[in-house]
Amino acid sequence: MNEPFIFRVSDCYYIQASYPSPAEHRHFAAHLVFAMERPFTALVNGVSVEAAGIAIGSDVPHTILSEAPTLVMFIDELTPMSRCVKHTLLRGAPWRTLDTSVSSEVGERWRDVRTEADAAAAAAETERLLGLQEQRTSAEDPRILEAAAYMKATPALEQLTIREVARAVHLSPSRLTHLFRRDTGISPHLYLANLKLERAFYLLETGRSLTQVCMDAGFATPSHMADTSRKLYGMSMTEVKQIFLAGLGRTKTADEQK
């Protein structure tokens, strides 16, 4: 069986693991899943489908049932890649199964990935196979993109408030929340919580306890961090930590190798 891993390449997460029956969940990110060994069962919007690959849009309830490893690709809703997924793969639908031969090629390409350089090369090939290289014009309000960039660039997420973000982009908190929900399907509070969760993911490899990771990532309590992880990824932080440990802590971004 392939070793589990988590890599981040250009704002996309690539996770390979056998998930322990994650609960049905929805999240802000577009979600591509590819079989590594054999087809899996996806439950999406109450529909059960067997596939070698599937694209699932943001905020669509789903879970993946598979005893064999799968490759999962999470794509930030506010990125050019997400817009390409919507236009090229989803084409207006909440989800679509992907071509079996292409999905198999993607799974095969990631089979022997072990390093950040391997991941960067595999990610580029994945984009080519799926036709996701084209950069499309943003449909979001530029102030929402600016707000997301401001949150991403803030070093002390635990001190950041939505009021501060709104002030930085010259909006009221209520107007920012309205526009953010309209363009992304989630609130800025949930987007900020996801950024904290990403930080928690990277802190796992330092050997800190989950309680210390919670504090350092900016969550109020470990239970809040756990609830956010289940809501956004369908897994507890304990399960995420097991993937990191099994993957020998390979959690640097491929971009950092450049």
Side-chain angles (χ1 to χ4, degrees), residues 5-17 19 22 24-66 68-111 113 119-140 144-145 148 182-186 191 194 198 232-234 254:
F5 59 66
I6 298 181
F7 290 104
R8 192 177 81 177
V9 185
S10 301
D11 286 330
C12 297
Y13 279 101
Y14 294 84
I15 303 176
Q16 187 258 289
Y19 291 105
E24 183 182 71
H25 57 286
R26 60 177 80 198
H27 42 68
F28 81 99
H31 190 50
L32 308 184
V33 185
F34 304 94
M36 298 290 286
E37 294 179 0
R38 56 183 179 272
F40 54 81
T41 298
L43 299 178
V44 192
N45 263 346
V47 177
S48 176
V49 59
E50 186 172 288
I54 192 169
I56 304 171
S58 175
D59 203 36
V60 176
H62 65 276
T63 189
I64 303 297
L65 306 177
S66 177
T70 57
L71 172 71
V72 185
M73 181 179 174
F74 290 101
I75 307 168
D76 190 318
E77 179 73 3
L78 294 174
T79 60
M81 177 72 76
S82 177
R83 291 187 285 277
C84 286
V85 167
K86 289 177 182 177
H87 179 87
T88 304
L89 301 181
L90 292 173
R91 304 190 299 280
W95 61 274
R96 286 186 187 274
T97 56
L98 302 176
D99 180 83
T100 299
S101 61
V102 170
S103 299
S104 297
E105 284 190 65
V106 171
E108 184 63 30
R109 184 62 186 82
W110 284 87
R111 188 176 301 280
V113 167
E125 182 66 7
T126 298
E127 292 180 27
R128 185 192 68 79
L129 288 166
L130 296 173
L132 299 179
Q133 302 100 323
E134 185 178 354
Q135 302 296 301
R136 297 191 172 273
T137 301
S138 171
E140 291 84 11
I144 299 308
L145 299 178
R182 184 197 67 185
D183 287 359
T184 70
I186 64 168
Y191 190 83
N194 183 76
E198 289 185 4
L232 293 176
Y233 295 99

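Values in this document were obtained by computation on a predicted structure and should not be read as measured data.
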Who are the salt bridge (charged side-chain N to carboxylate O under 4.0 Å, His left out) partners of [X], not counting sequence neighbours?
X      : value
Glu125 : Arg128
Glu198 : Arg8
Asp59  : Arg26

side-chain hydrogen bond (donor to acceptor under 3.5 Å, both in side chains) partners of Tyr14, counting only residues at least two apart = none
In chain order, what residues pass the side-chain hydrogen bond (donor to acceptor under 3.5 Å, both in side chains) check against Glu50, with sequence neighbours excluded?
-> none
Could you measure the distance from the [atom1] atom of [X] to the [atom2] atom of [Y]? Nearest 0.5 Å is fine.
X      : Y     : atom1 : atom2 : result
Thr70  : Leu65 : OG1   : CG    : 10.5 Å
Gln16  : Met73 : CD    : CE    : 15.5 Å
Phe34  : Ile54 : CZ    : CD1   : 10.5 Å
Arg111 : Leu71 : CZ    : CG    : 11.0 Å

Taking every non-hydrogen atom, the tightest pair across Ala119 and Trp110 | O-CH2, 3.6 Å
After noting the C-alpha distance and the side-chain angles of Leu32 and Leu130, does the key distance pass the side-chain contact (heavy atoms from CB on, under 4.5 Å) rule?
-> CA-CA 11 Å; Leu32 308 184; Leu130 296 173; 3.8 Å; yes
For residues 38-45, which side-chain N or O atoms pair as donor and acceptor with protein atoms under 3.5 Å away, sequence neighbours left out?
none

Hey, mind stepping through Phe74 and Asn194 against side-chain contact (heavy atoms from CB on, under 4.5 Å) and telling me if it holds?
-> CA-CA 12 Å; Phe74 290 101; Asn194 183 76; over 6 Å; no
Using residues 91-103 as the side-chain source, report each donor-acceptor pair under 3.5 Å to any protein atom, sequence neighbours left out, with the distance given to one decimal.
{"residue": "Arg91", "atom": "NH1", "partner": "Thr88", "partner atom": "O", "Å": "3.3"}
{"residue": "Arg91", "atom": "NH1", "partner": "Leu89", "partner atom": "O", "Å": "3.4"}
{"residue": "Arg96", "atom": "NE", "partner": "Leu90", "partner atom": "O", "Å": "2.6"}
{"residue": "Asp99", "atom": "OD2", "partner": "Ser101", "partner atom": "N", "Å": "3.1"}
{"residue": "Asp99", "atom": "OD2", "partner": "Ser101", "partner atom": "OG", "Å": "2.4"}
{"residue": "Asp99", "atom": "OD2", "partner": "Val102", "partner atom": "N", "Å": "2.9"}
{"residue": "Ser103", "atom": "OG", "partner": "Asp99", "partner atom": "O", "Å": "2.9"}

